[in-house]
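Atoms within a ligand are numbered from 1 in the order they appear, just like the ligands themselves.
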Amino acid sequence: MSVAQGVVVTMDGPAGTGKSSVAWKLAQRLGLEVLDTGAMYRAAAVVSIDEGVPADDGTALAARIAEEGLAFDWSCRPPRLLLGGRDLTERIRDADVNVVVSVVARQAPLRAALVDAQRAIGRAHPRLVTEGRDQGSVVFPEAVARFYLDAHPEVRARRRVEQMRSQGRPADYEAVLRAIQQRDHLDETRSDGPLVCPEGAQRVDTSMLTLDQVVDELERRVRAAVPVDRLAPPRAVQTA
Ligand code: DC
């Protein structure tokens, strides 16, 4: 696949907007791969917790990741995340990682290393929906379509509570809402790669939309921006 046929779509926005599910479904419809950059910051949080590297020491975290080697296994769909020989795909979703990751993600030396790694992935996998907080603003500003998904904090908290309860986990709406607001604040106020709607990016408010409605809308917009032969053909219209 030549880079001339590359199609990079970026998807940024805060937690709870359905970004991951949207990125995955959109990529399947368009025939693109998916890069979950939050998973890379989560891997750094695992290094901090499991290896005792301080969460605010971005230089040490970046060095450990470089030594051990952080990579995706692209033969799996979605790709599994490997650090050295260790498969971190499930570990990065643990509750202790959620607590540490926003501190880790503020560290400039770590961000610089992961941004470089993401650009290298973009060169090796130039047909990509890439999802995170800074993909359209910092990492791939030249992407053919750049989206910023948003939703009211109350809606995001409600979605999260429903998700947790459907997994049989207890969830307190007020506590979840407070955690979302705190995390937004940390993400928006860091000096390096803050969470912003990139200039020229398309903002999509998902508060009143279902997952499929969001995917439909983004698919329509990407198809309008990209030559038809670079994407998987549109699905047949369902008549039944
Ligand atoms: O999307 P997520 O919840 O897996 O992201 C985990 C953390 O990493 C969250 O605090 C935001 C941060 N992050 C980031 O700073 N930059 C990215 N490109 C992706 C995630």
Side-chain angles (χ1 to χ4, degrees), residues 8-24 26-27 34-49 55-56 58 61-62 65 70 72 78-81 83 88-122 125 128-141 143 146-151 153 156-157 159-161 163-164 167 176 178-198 201 206 211 214:
V8 176
V9 174
T10 63
M11 187 104 61
D12 294 315
T17 50
K19 250 180 326 145
S20 301
S21 310
V22 170
W24 179 243
L26 181 67
V34 186
L35 173 60
D36 171 5
T37 62
M40 300 168 81
Y41 289 93
R42 288 173 176 273
V46 171
V47 168
S48 168
I49 297 164
D56 61 357
L61 288 171
I65 282 177
L70 183 64
F72 287 96
R80 298 190 73 81
L81 183 61
L83 182 68
L88 294 187
T89 310
E90 277 80 36
R91 171 73 180 102
I92 59 172
R93 304 292 160 198
D94 288 346
D96 57 347
V97 174
N98 291 335
V99 174
V100 171
V101 68
S102 41
V103 177
V104 160
R106 290 174 76 89
Q107 308 310 317
L110 177 71
R111 295 200 72 82
L114 294 187
V115 165
D116 281 352
Q118 290 154 17
R119 291 197 179 122
I121 290 171
H125 298 264
L128 206 57
V129 176
T130 177
E131 177 229 320
R133 303 291 193 282
D134 57 352
Q135 298 301 289
S137 52
V138 174
V139 186
F140 299 104
R146 295 182 298 148
F147 296 111
Y148 185 88
L149 297 196
D150 210 350
R156 291 155 50 207
R159 287 177 182 162
R160 180 91 184 110
V161 166
Q163 184 192 38
M164 289 167 76
Q167 296 165 346
V176 169
R178 267 198 311 279
I180 281 180
Q181 287 167 333
Q182 274 168 10
R183 198 155 118 177
D184 283 357
H185 181 72
L186 280 176
D187 284 349
E188 285 163 6
T189 56
R190 65 171 174 244
S191 54
D192 200 3
L195 174 65
V196 287
C197 178
T206 71
L211 172 64
V214 178

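Residue R111 has at least one heavy-atom neighbour below 4.0 Å for each of these atoms of ligand 1: 14 (C), 15 (O), 16 (N). Within ligand 1, the atoms closer than 4.0 Å to a non-hydrogen atom of Q135 are 18 (N), numbered from 1 in the order shown. Below 4.0 Å from some heavy atom of S102 lie the following atoms of ligand 1, by number and element: 10 (O). Heavy-atom proximity to T37, at under 4.0 Å, picks out these atoms of ligand 1: 17 (C), 18 (N), 19 (C).
Residues V176 and Q163 fail the side-chain proximity criterion, which asks for heavy atoms closer than 4.5 Å. Taking the side chain as every heavy atom from C-beta outward, L81 and I92 approach each other to under 4.5 Å. Considering only heavy atoms from C-beta on, H125 stays 4.5 Å or farther from L35 through its side chain.
Protein heavy atom nearest atom 20 (C) of ligand 1, with residue, atom name and distance: G38 CA, 3.5 Å. Of the protein's heavy atoms, A105 CB, 3.8 Å lies nearest to atom 12 (C) of ligand 1. R42 NE, 2.7 Å is the protein heavy atom nearest to atom 4 (O) of ligand 1. Nearest protein neighbour of atom 7 (C) of ligand 1, counting heavy atoms only, is V101 CG2, 3.6 Å. Residue, atom and distance of the protein heavy atom nearest to atom 1 (O) of ligand 1 are R133 NH1, 3.0 Å.
For S191, there are no side chain to side chain contact (heavy atoms under 4.5 Å, CB included) partners at least two apart in sequence or on another chain. By the side chain to side chain contact (heavy atoms under 4.5 Å, CB included) test, A15 pairs with R133, R183, sequence neighbours left out.
Residue R183 places a heavy atom under 4.0 Å from ligand 1. Ligand 1 has no atom lying under 4.0 Å from any heavy atom of Q118.
By the 4.0 Å N-to-carboxylate-O rule, K19 lies too far from D36 to be salt-bridged with it.
For ligand 1, the polar-atom distance check finds no N/O of Y41 at less than 3.5 Å from any of the ligand's N/O atoms.
Using modelled atom types, no side-chain atom of D12 and backbone atom of Y148 make a donor-acceptor pair closer than 3.5 Å.
Judged by distance alone, the side chains of T37 and Q118 never bring a donor and an acceptor atom under 3.5 Å apart.
Interatomic distance, CG of L149 versus OG1 of T17, reported as 5.0 Å (0.5 Å rounding).
In D187, the part holding a heavy atom less than 4.0 Å from any atom of ligand 1 is the side chain.
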